[in-house]
Novice: 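One structure coming up, written as structure tokens, with questions to follow.
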Amino acid sequence: MSNTRRNFFQNAAALATLFGLPSHLSAEKTAPRKTTEPPRPHVPVLTPDVPDLPFTLDGATKVFHLRAKPVKRKIAPFKTIDAWGYNGSCPGPTIQVTQGDRVRIHVENALPESTSMHWHGLEVPIEQDGVPFVSQKPIAPGETFTYEFTVHQEGTFFYHAHSAMQEMIGLLGLFIAHPQTPYAPRADHDFAIVLQEWAILPNNSVPNTASMEFNWLTFNGLSAPATTPLVVRLGSRVRLRFVNLGMDHHPIHLHGHQFVITGTEGGRAPESTWYPSNTVLVGVAQAKVVEFEAKYPGDWMIHCHLPHHMMNSMMDLLAGRQIQTADTTGARAMSQMAALSRDIGVPHVMHSPVAENASSVPGFPQDAFMEMAMDDADGVSKPETHGLPANWSAGMMGMMTMVRVLPDAQYNEIQSLIRDRATSKAEDHHHGR
Ligand SMILES: [Cu+2]
């Protein structure tokens, strides 16, 4: 085959990867597979609320471009922060390659200080290791450094600036290497989630990366209820990949199902090591991969179980306002919350009822004023939340999302809404909106 033809086929394959719908987004999935169609070796990883990094081909080498730059991230309906990220996203876009691929990654520094890039867990030559002053000179502002290596491993890896404070302000992303020999059993859905914590004072937008007191906790750069639920088909096999590059360890708990731990930051774990759990501790610098059969229909929570990681910083809402909780009644609290709702422009804020004598009970309030429903807020309402019970968002805070295990009809309805969203976004783009 001539070089031109070979390039054409390689480029066609790359375009299919870039623009093809993941098989789990296809409504035709319920139809029996045609015998002539070769089975896909794996479904692509979906990183909710984070884009994939596109690539071009130079011969057989996949070429990526990452631009380190400050980025504004609306982590909750009432909180936008100044983080640093890549290509306008924090965490950075997800890189997906196949074991055996040769990759070239241009890292451009649009930060006001020098940076570096480390390929965490990947076995690369020392000059590609990305440690400033040890394996390379720091990448100065305005400079680009090009990394190139062959990925001979499979698994869940990540990339990050090899500088402690830059990691904490968001300079990291996922690096997924799909296996050459497909994993067994095959997963129907494959999701990845980056865990991060932030210390941001009320009325401030810049994280304090030196602080040990974290008040904002995020999955893929968002705090619940802004996190996008993971929508899966009832009866499917689901893989979840968690990556932690922060200061705290996070015990991630799944409701209503048991999973097995099928991999770590070092790759796939042998099946003989799998044992049932429903909580997995994702330690700092680790990846943990779990799999389960989505057997039970429902909207099942998945969240860090550290109590302080299951809340948002309400101080931001209160900014400059006094809410009297120590001497209040249900009606008074309701009117205060309604005023708050108007002021912050969140369509609907409510809390659950409190007893008439609440203020005379030592310990009150605990959660009474933390439950705020904002189902219709910008960034909360989306196809993936379609059909959830009213006020669902009142129970969602911090490092939290849900796995929605849905029967065919509901699953297909949401996938069709997601496709409509993609179409209208493409049209907006086409019309320069
Ligand atoms: Cu946690």
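In listed order, ligands and their atoms are each counted from 1.
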Novice: Say whether, by atom type as modelled, one donor and one acceptor occur between the side chain of Ser211 and the main chain of Glu213 under 3.5 angstrom.
Specialist: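 Yes, because the side chain of Ser211 sits within donor-acceptor range (under 3.5 Å) of the backbone of Glu213.
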
Novice: Under a 3.5 Å cutoff, is there a donor and acceptor pairing between the side chains of Trp216 and Ser223?
Specialist: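 No.
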
Novice: Restricting to pairs with a member in residues 260-271, which pass salt bridge (Lys or Arg N to Asp or Glu O under 4.0 Å), not counting sequence neighbours?
Specialist: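 Checked against salt bridge (Lys or Arg N to Asp or Glu O under 4.0 Å) - neighbours excluded - the pairs reaching residues 260-271 are Arg268-Glu291.
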
Novice: Is there any side chain to side chain donor-acceptor pair (under 3.5 Å) pair reaching into residues 103-112, and which pairs are they, with sequence neighbours excluded?
Specialist: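 Sorted result for residues 103-112: Asp58-Arg104, His65-Glu108, Arg67-Glu108, Arg104-Glu148, His106-Thr146.
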
Novice: What verdict does the ring-ring contact (aromatic ring centres under 6.0 Å, His included) test give for His305 and His303, after you've listed the backbone C-alpha separation in whole Å, the side-chain angles of each residue and the deciding distance to 0.1 Å?
Specialist: CA-CA 6 Å; His305 220 298; His303 62 93; 4.9 Å; yes

Novice: By the salt bridge (Lys or Arg N to Asp or Glu O under 4.0 Å) test, which pairs, at least two apart or in different chains, include something from residues 240-249?
Specialist: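 Sorted result for residues 240-249: Asp190-Arg241.
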
Novice: Under 2.8 Å from the Cu ion (ligand 1), which protein N, O or S atoms are there? Could you list them by chain and number?
Specialist: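 For the Cu ion (ligand 1), the protein N, O and S atoms that sit under 2.8 Å away are His250 ND1, Cys304 SG, His309 ND1.
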
